[in-house]
Amino acid sequence: MGEWADMLGRFRHALAAGAIYDRELVQLVEPLGGVLEAFQRRSSRSQALAGGRRWR
């Protein structure tokens with residue numbers, strides 16, 4: 001799992017530094033939106049299973 005966190009951290013830094021062009025960002029809207037939706041569904045389900053307690 002650490003590999004994903006590292007990759008996303010590198011992406012965040014590249015994005016913040018302006019190393020990714022706007023035209024490239026347009027191509028990422030749909031895939032990143034899908035990742036966000038899946039994450040939100042998963043976190044909602046995990047919270048419900050944990051009795052509403054937040055997880056880290």
Side-chain angles (χ1 to χ4, degrees):
M1 189 47 136
E3 294 171 11
W4 284 106
D6 290 342
M7 180 189 64
L8 289 170
R10 287 192 308 271
F11 177 70
R12 180 177 54 89
H13 287 294
L15 188 60
I20 300 172
Y21 295 111
D22 288 347
R23 66 179 177 269
E24 295 169 328
L25 290 177
V26 172
Q27 298 172 16
L28 296 174
V29 170
E30 188 175 333
L32 288 175
V35 168
L36 180 59
E37 289 173 10
F39 181 82
Q40 290 171 333
R41 280 193 307 272
R42 179 74 184 264
S43 67
S44 295
R45 186 172 52 224
S46 294
Q47 287 177 23
L49 291 173
R53 292 187 306 268
R54 297 204 44 96
W55 50 272
R56 296 178 190 219

> How long is the gap from CG on L15 to NE2 on H13, to the nearest 0.5 Å?
Replying inline: 11.0 Å
>> Would you compute the distance between atom CD1 of I20 and atom CD of Q27 and round it to the nearest 0.5 angstrom?
In response: 11.5 Å
> Can you get from V35 to L28 by hopping between Ile, Leu, Val, Met, Phe, Trp and Tyr side chains that sit under 4.5 Å apart?
Replying inline: no
>> My understanding is that a hydrophobic cluster links ILVMFWY residues whose side chain heavy atoms are under 4.5 Å apart, including indirect links. Using that, what else belongs to the cluster containing V29?
In response: none
> Apart from Y21 itself, what residues make up its hydrophobic cluster when side-chain heavy atoms of I, L, V, M, F, W and Y under 4.5 Å apart count as a link, directly or indirectly?
Replying inline: none
> Would you say the side chain of D6 lies within less than 4.5 Å of the side chain of F11, judging by non-hydrogen atoms?
Replying inline: no
>> Is it true that, when you exclude E3 itself, more than 12 heavy atoms of the residues, nucleotides or ligands shown sit nearer than 6.0 Å to its CD?
In response: no
